[in-house]
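The first residue of the sequence shown is numbered 1, and numbering continues consecutively from there.
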Amino acid sequence: MDLKELTTFRTIIQEGTFSKAAARLNYAQSTVTNQIQRLEKELGIKLFKRGWDAELTPSGKVYAEEVDKLIQHWNYVLDQAKSLQKEEKGTLHIGVSETMTASLLPAVLHRFRALKPQIECHFTVGNADMLAQSLLQNTLDFAITGEPHDISALRFEHLYDEKISFIVSKNHPYADAPTVSMKALYDYPLFVGGKTCLYHMRLVKEFAGYSGTPFLYTVSQISAIPSFVQQIPSVGAVLSSLQLPPDIVHLEVNMKEPLIPIGILQLSKLQYRSSASTLFLQCLKKELELWRRT
């Protein structure tokens, strides 16, 4: 059994006849017939009822349900073999949340590059919903982000939690307060991420428990929020891993649900990751272990 035989079997099912499958695969019809005969001999079962239409036998129907998984597994094995080559080359397309680009990502890439210097990495920075759409459009191999709202065609593997953090300038009246209530935030304009950001929606839900709503400015780039807070008497809502300027401080705010789950997002139908993807995620998990210890 080889990949060509499996591909031919699947193509016959898709096209409906041996002749159409041969035309699509650019094979002689005798080649298609011989490949199926070899496959049937190796399996010890008849896959098709002989005739003009390629009608599956009961055994063939059972086998047909597994053929896509077999082809995917075969490609995975071939990919693993290629990864053992000394000069492995290729490209990974990875989606990441904005705060990760300034915290964990440089260390992860440094570790990965030491192991696979010939693998290029292209990073797309965005929020969970945007990265989910990119995955569904097959423009990303995987993403490291929050869990999007619609996850029906995706799989989310939790890695760690980001905490929503509130920030002010050092000369702000709240800067020296031991704790600040959510209601007290209403007294100042609040700078938050864009409306599709997970933590923005979490904040809206939190504020729904109080009367009225705070005055919000939305900034799609979270890393820009400290600049606004530096110059405008206000409060910023960011994630705790965001690196802050020295004149910006965190506030201790009593929030009911401050944690945002962060994890690996990929297509649910994906059975196997490439060896490069697997290695990159191993590097990520190793850096996460070191990060938690500090």
ask   = How would you list, by chain and number, every residue that makes a side chain to side chain donor-acceptor pair (under 3.5 Å) with S103, sequence neighbours excluded?
value =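 For S103, no residue satisfies side chain to side chain donor-acceptor pair (under 3.5 Å) once neighbours in sequence are set aside.
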[atom1]/[X] to [atom2]/[Y] distance, rounded to the nearest 0.5 angstrom?
| X | Y | atom1 | atom2 | result |
| --- | --- | --- | --- | --- |
| H110 | C283 | NE2 | SG | 10.5 Å |
| M255 | K163 | CE | NZ | 10.0 Å |
| D141 | L267 | CG | CG | 10.0 Å |
| T179 | L251 | OG1 | CG | 10.0 Å |
| H93 | S134 | NE2 | OG | 11.5 Å |
| Q14 | F9 | CD | CZ | 11.0 Å |

List the atom of [X], the atom of [Y], and the distance in Å for their closest heavy-atom pair.
| X | Y | answer |
| --- | --- | --- |
| V168 | S234 | CG1-O, 3.7 Å |
| L131 | S97 | CD1-N, 4.4 Å |
| G194 | H200 | O-CB, 3.3 Å |
| S169 | V249 | O-CG2, 4.4 Å |
| S277 | L92 | OG-CD2, 3.3 Å |
| A237 | Y199 | O-OH, 2.6 Å |

Shared hydrophobic cluster, W291 / V108 (ILVMFWY, side-chain heavy atoms < 4.5 Å) =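 W291 and V108: one cluster.
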key: Cluster overlap L281 with L290, hydrophobic side-chain contacts below 4.5 Å   =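 No, L281 does not connect to L290 through the hydrophobic network.
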Determine yes or no for a side-chain-to-main-chain donor-acceptor pair under 3.5 angstrom, with [X] supplying the side chain and [Y] the backbone.
| X | Y | value |
| --- | --- | --- |
| K183 | S211 | yes |
| E40 | L47 | yes |
| Y188 | H172 | no |

task = Walk me through it: do V235 and F191 pass the test side chain to side chain contact (heavy atoms under 4.5 Å, CB included)?
result = CA-CA 6 Å; V235 177; F191 283 90; over 6 Å; no
query = Only one of K20, R24, R10 forms a salt bridge (Lys or Arg N to Asp or Glu O under 4.0 Å) with E15, so which one is it?
reply =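 Of K20, R24, R10, salt bridge (Lys or Arg N to Asp or Glu O under 4.0 Å) with E15 is met by R24 alone.
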key: T57 and S59: side chain donor to acceptor below 3.5 Å   =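 There is no such pair (donor and acceptor under 3.5 Å, judged by atom type) between the side chains of T57 and S59.
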Ring centres under 6.0 angstrom apart (F166, Y174) =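 No, too far apart.
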query = Does the ring center of F18 lie less than 6.0 Å from the ring center of Y27?
reply =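 No, ring centres 6.0 Å or more apart.
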Do [X] and [Y] make a side-chain contact, defined as non-hydrogen atoms from C-beta onward lying under 4.5 Å apart?
| X | Y | answer |
| --- | --- | --- |
| Y160 | R292 | yes |
| L198 | N127 | no |
| S268 | L154 | no |
| L239 | I164 | yes |
| L135 | L140 | yes |
| Y217 | L190 | no |
| Q282 | L115 | no |
| F280 | I119 | no |

When the side chains of residues 201-209 are checked against the rest of the protein, which donor-acceptor pairs come out under 3.5 Å, sequence neighbours left out?
unit_1, atom_1, unit_2, atom_2, d
R202, NH1, E257, O, 3.2
R202, NH1, L259, O, 2.6
E206, OE2, K256, N, 2.7

Residue pair M182, N254: steps toward the side chain to side chain contact (heavy atoms under 4.5 Å, CB included) verdict = CA-CA 7 Å; M182 290 293 294; N254 296 320; 5.8 Å; no
query = Do L159 and L284 pass the side chain to side chain contact (heavy atoms under 4.5 Å, CB included) test, and can you show the C-alpha distance, the side-chain angles, and the key distance before you say yes or no?
reply = CA-CA 10 Å; L159 291 176; L284 169 64; 3.6 Å; yes
Without placing hydrogens or testing angles, list every side-chain donor-acceptor pair under 3.5 Å for residues 221-229, not counting sequence neighbours.
unit_1, atom_1, unit_2, atom_2, d
Q221, NE2, S223, OG, 3.1
S223, OG, E98, OE2, 2.6

query = What's the verdict on side chain to side chain contact (heavy atoms under 4.5 Å, CB included) for N34 and Q37, showing C-alpha distance, side-chain angles and the deciding distance?
reply = CA-CA 5 Å; N34 289 336; Q37 287 175 345; 3.6 Å; yes
